[in-house]
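Shown next, in structure tokens, is the structure this report addresses.
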Amino acid sequence: MKHSACQGFVGKLSVIALAALGWINPIQAQEFMKFAGGSSTPIVKFTEHFGEMDFSLDPVSIEIYGDGLVVVEYPVFMKKAGLYQLTLEPADLDALLSTLSSNRIPAFDAAAAKADARTAANLQAQSDTLFFSSDPSVTVLELNLESYSPDMATQSPKPVNQRIQWTGLRDHARQYPDLDAIQSLHNAQQALRELMDHPDLIRVEEK
């Protein structure tokens, strides 16, 4: 994906790092998150192939960089076709990453979540509960952090290189309302899709 080049390195340390410097009350400090700044490698990437479309076509996508740069691409077959950009304020970037963190995306276990979905589907079948799926869309969410800990008191920070692929996420969110992992992934998907429709996005390239 094309984007404007930015120089330099900017990292983000969450409240736990500030507590270590004596800038805030350590009692408030739980989470630690650090990521590379600049716009060379996205820290968040989201793509979606719509199930009703030819999978050889490009997906819709969004890339978010450590300096706040957001790059959105709508493929040629869509009305909004083109490449768009905006730059998030640091507080807005923090809020987005907090949304992903609160939905446990850094530690998301896709294999376990899919196993839970299969178990739930079998239970629904046994109870004669039928659910028709009409959403074969493929969602891919990637998260890249230099180091992350949900709670520094109990877990040492570790690098996060997460890649989650899910087919039919919207339908599964409706079908399995009690499966927290699927609901969390759907929440993250919604947050990123909302950002893709941000009113401050500027088209920088037409398709």
Side-chain angles (χ1 to χ4, degrees), residues 1-21 23-26 28-48 59-74 80 82-108 139-152 155-166 169 183-205:
M1 184 178 287
K2 301 174 183 177
H3 59 80
S4 300
C6 294
Q7 300 297 322
F9 177 91
V10 180
K12 179 251 184 179
L13 300 179
S14 70
V15 291
I16 187 66
L18 298 179
L21 295 173
W23 292 349
I24 64 172
N25 186 342
Q28 300 173 318
Q30 299 295 329
E31 181 182 71
F32 176 94
M33 185 183 297
K34 182 182 178 183
F35 53 82
S39 56
S40 58
T41 303
I43 57 175
V44 180
K45 183 176 180 179
F46 170 84
T47 63
E48 187 170 13
V60 296
S61 65
I62 181 170
E63 293 182 350
I64 303 162
Y65 295 82
D67 60 358
L69 176 66
V70 175
V71 183
V72 174
E73 186 167 7
Y74 287 99
K80 296 172 67 174
L83 197 68
Y84 298 76
Q85 291 185 3
L86 69 83
T87 300
L88 294 175
E89 295 294 332
D92 294 327
L93 179 59
D94 286 355
L96 175 64
L97 292 173
S98 293
T99 295
L100 299 182
S101 175
S102 65
N103 282 287
R104 300 179 292 281
I105 297 305
F108 189 88
T139 295
V140 178
L141 174 56
E142 300 177 39
L143 178 64
N144 298 290
L145 303 174
E146 287 189 345
S147 57
Y148 171 80
S149 170
D151 187 348
M152 285 288 285
Q155 296 184 34
S156 298
K158 296 180 180 179
V160 173
N161 295 289
Q162 180 70 278
R163 186 180 189 274
I164 305 165
Q165 180 170 319
W166 201 282
L169 180 57
Q183 297 304 317
S184 293
L185 184 58
H186 186 240
N187 291 341
Q189 178 196 43
Q190 289 182 305
L192 291 167
R193 286 308 304 262
E194 287 177 6
L195 184 55
M196 293 179 72
D197 291 324
H198 197 289
D200 292 339
L201 282 166
I202 298 175
R203 180 181 285 177
V204 296
E205 182 180 311

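With sequence neighbours excluded, no residue forms a salt bridge (charged side-chain N to carboxylate O under 4.0 Å, His left out) with Arg104. Take Lys158 and apply the salt bridge (charged side-chain N to carboxylate O under 4.0 Å, His left out) test, not counting sequence neighbours, and it matches no residue.
Atom CZ of Arg193 and atom CD of Gln190 lie 10.5 Å apart (nearest 0.5 Å). Atom-to-atom distance recorded for Leu195:CG and Leu96:CG is 6.0 Å, nearest 0.5 angstrom. Distance check, rounded to the nearest 0.5 Å: CG of Asp92 to NE2 of His198 gives 6.5 Å. Of the inter-residue distances, the one linking Glu63 atom CD with Thr41 atom OG1 reads 9.5 Å to the nearest 0.5 angstrom. Glu89 contributes atom CD, which lies 8.5 Å from atom OG1 of Thr87 (distance to the nearest 0.5 angstrom). In this structure, OG in Ser40 is found 9.0 Å from CG in Asp67, a value given to the nearest 0.5 Å.
Ile202 is not listed as a side-chain neighbour of Gln85, based on a closest heavy-atom distance of 4.5 Å or more. Side-chain contact between Gln155 and Phe32: absent, with no pair of heavy atoms (C-beta onward) separated by less than 4.5 Å. Within the 4.5 Å cutoff, the side chain of Tyr65 has heavy atoms near those of the Pro42 side chain. Within the 4.5 Å cutoff, the side chain of Thr99 has no heavy atoms near those of the Asn187 side chain. Between Met33 and Ser101, the closest side-chain pair of non-hydrogen atoms falls below 4.5 Å. Taking 4.5 Å as the limit, every side-chain heavy atom of Trp166 sits out of range of all side-chain heavy atoms of Leu141. With a 4.5 Å cut-off on side-chain heavy atoms, Thr139 and Ile164 do not count as touching.
The heavy-atom pair separating Glu48 from Pro59 by the smallest distance is O-CB, 3.3 Å. When all heavy atoms of Ala36 and Glu146 are compared, the pair lying nearest together is CB-OE2, 3.8 Å. Considering every non-hydrogen atom in both Tyr74 and Met196, the closest pair reads OH-O, 2.9 Å. Here the closest non-hydrogen pair linking Leu192 and Ile62 is O-CD1, 4.2 Å.
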Inset, instruction - For the pair Leu145 and Leu143, evaluate side-chain contact (heavy atoms from CB on, under 4.5 Å) and give the outcome as yes or no after the intermediate values. - result: CA-CA 7 Å; Leu145 303 174; Leu143 178 64; 4.2 Å; yes
Inset, instruction - Apply side-chain contact (heavy atoms from CB on, under 4.5 Å) to the pair Lys80 and Asp197, showing each step before the final yes or no. - result: CA-CA 10 Å; Lys80 296 172 67 174; Asp197 291 324; 3.0 Å; yes
Legend entry - Audit row: Val44, Leu97, side-chain contact (heavy atoms from CB on, under 4.5 Å) steps and yes/no: CA-CA 9 Å; Val44 180; Leu97 292 173; 4.0 Å; yes
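Between Val160 and the options Ser147, Pro106, Ser149, a side-chain contact (heavy atoms from CB on, under 4.5 Å) holds for only Pro106.
Using modelled atom types, no side-chain atom of Asn103 and backbone atom of Ile105 make a donor-acceptor pair closer than 3.5 Å.
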